[in-house]
Amino acid sequence: MIIIASSNGKVGIEDAMQVLKNGGSALDAVEAGIRPVEANPDDHSVGYNSWPNIMGELELDASIMNGRDLTSGAVAAMKGFPYAISVARHVMDQLPHVLLAGNGAERFAREMKAEQWDELLTPEVIARWRRQLKDNMPAEVVETLGDDTELREWVKLATDPERTYSTVNFIAIDKNGDMCTGVSTSGWAWKYPGRVGDSPIIGAGNYADNRYGGCACTGMGEMAIKANTAHSVVFYMKMGMSVADAAERAMVDLRDLGGDYIGGMNLVALDKDGNHTAMTSMTGRTYIYQTPDMDTYEEKPRTFVDIPGRWPRVNAH
Ligand code: GLY
């Protein structure tokens, strides 16, 4: 039994480990580990009180995958429900579908009686959003921001890859050897409304297969979607690579991407035997892991793989 997570999973890993110690499933452990991160007001990348989209609305993405049979559930661009991972779990457990988006995800969350909160942003986060827009956009655009505002140039300015990226990743193996991966995020700060990242896309930000291992990503989700990163790591393991080599190979795939918008990327990966690794294209990043014999988690540095950023200059005014 083991759990690995991105370092912002510290607030949830003890709950997750308790589930495994009590004989619970990897699925229950991952959901239990992610919910405290989603409720953490100080984490502005996951769940409650996260950075909103460019219109000031919080839209959440999440997914969960069962490595035993590859069943999966996900929600995207969902408003009003802070525990996106639990709604994703309901999608997996209750529906013949994998991914619900927008109004449909919200309707289903209500049907499942998921916790719905009226206020998901504190005044401090709203003030930061306003300041961010004022710093990046002409005053007349900010003052008249509405349904008719053309946003396409402004999201290129405001979505600065150096400022805003996180997301939470959890991967667990339970006493039966079943693996589960889970991811939850508010996505890129100040994103275009309806933008969906890699977190709810099975194969991009999340993948688990008991026979080989699992992987989950944080960072610039558009890159993981293009390179199918989480699945690539598992596929490389299937082809015989160690978890460390597979993860590094998938990072090199990301470095090889063309196009203008290249930002920071990170991943955590676990093989079926409990060997783990984590990669980053940023310096100083860590991840955490815990096994049942440990009193608490251990924090480890990630392996650095250089992915030079590219972001075209845009004229603001
Ligand atoms: N990796 C999270 C996102 O890009 O939305």
Side-chain angles (χ1 to χ4, degrees), residues 5-9 34 37-38 40 43-55 57-65 74-79 82 84-85 87-88 99 101-102 105 129 155-156 158-171 181-207 214-233 247 250-251 253-254 257 259-269 278-282 285 287 302 305 307 309-311:
S6 50
S7 56
N8 57 346
I34 289 179
V37 189
E38 293 176 326
N40 181 5
D43 189 322
H44 300 309
S45 68
V46 181
Y48 171 67
N49 208 32
S50 293
W51 305 129
N53 68 20
I54 195 165
M55 298 301 293
E57 304 157 327
L58 187 63
E59 295 182 314
L60 301 179
D61 300 341
S63 66
I64 191 161
M65 185 164 191
V75 290
M78 182 178 69
K79 294 180 194 159
I85 194 67
V87 184
L99 170 60
W129 161 71
V155 290
K156 288 181 205 165
T159 309
D160 180 341
E162 295 309 311
R163 281 180 218 143
T164 50
Y165 31 74
S166 219
T167 296
V168 65
N169 297 156
F170 265 79
I171 311 180
T181 41
V183 183
S184 183
T185 190
S186 56
W188 277 69
W190 345 120
K191 62 193 174 185
Y192 201 105
R195 176 269 187 188
V196 173
D198 59 323
S199 304
I201 308 295
I202 297 302
N206 182 351
Y207 203 78
C215 174
C217 303
T218 65
M220 188 172 174
E222 283 76 0
M223 294 168 62
I225 292 173
K226 291 173 197 167
N228 209 20
T229 299
H231 181 265
S232 292
V233 172
M251 291 293 281
D253 291 345
L254 290 164
L257 284 172
D260 277 340
Y261 300 103
I262 299 294
M265 276 300 299
N266 315 283
L267 62 81
V268 295
M279 302 276 147
T280 184
S281 67
M282 297 170 256
R285 291 256 165 164
Y287 73 109
R302 292 175 185 247
V305 176
I307 302 179
R310 291 197 293 277
W311 201 264

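We're numbering straight along the sequence, starting at 1. Whatever order the structure lists ligands and atoms in, that order sets their numbers, starting from 1.
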Quick check on contacts: which atoms of ligand 1 are under 4.0 angstrom from a heavy atom of [X]?
X	answer
G219	1 (N), 2 (C), 3 (C), 4 (O)
G197	5 (O)
T167	1 (N), 2 (C)
D198	1 (N), 2 (C), 3 (C), 4 (O)

Just by distance, do the side chain of R302 and the backbone of L267 share a donor-acceptor pair under 3.5 Å?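 Checked: pair present.
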Please determine whether a side-chain nitrogen of the Lys or Arg among E222 and R195 lies less than 4.0 Å from a carboxylate oxygen of the Asp or Glu.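 Salt bridge: yes.
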Would M220 count as being in polar contact with ligand 1, using the rule that some N or O on each side must be under 3.5 angstrom apart?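 Not met; the criterion fails.
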For ligand 1, is there an N or O atom under 3.5 Å from any N or O atom of W188?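 Among all N and O atoms of W188, at least one is under 3.5 Å from an N or O of ligand 1.
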When you measure from the heavy atoms of S199 to every atom of ligand 1, does any distance fall below 4.0 Å?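 Yes, S199 has a heavy atom closer than 4.0 Å to ligand 1.
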Does any non-hydrogen side-chain atom of M220 lie less than 4.5 Å from one of W188?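 SC-SC contact between W188 and M220 confirmed.
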Any V183 side-chain heavy atom under 4.5 Å of C217 side chain: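 When only atoms from C-beta onward are counted, C217 and V183 do not touch, as no gap falls below 4.5 Å.
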What class does the angle between the rings of W51 and W190 fall in, given that below 30° is parallel, 30 to 60° is tilted and above 60° is perpendicular?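 Answer is tilted, since the angle falls between 30° and 60°.
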Applying a 4.0 Å heavy-atom criterion (strictly less than), which segment of R195 is in contact with ligand 1: side chain, backbone, both, or neither?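 Only the side chain of R195 comes within reach of ligand 1.
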Does one side chain, of N266 or T218, offer a donor that lies under 3.5 Å from an acceptor on the other?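 Per modelled atom types, N266 and T218 side chains form a pair under 3.5 Å.
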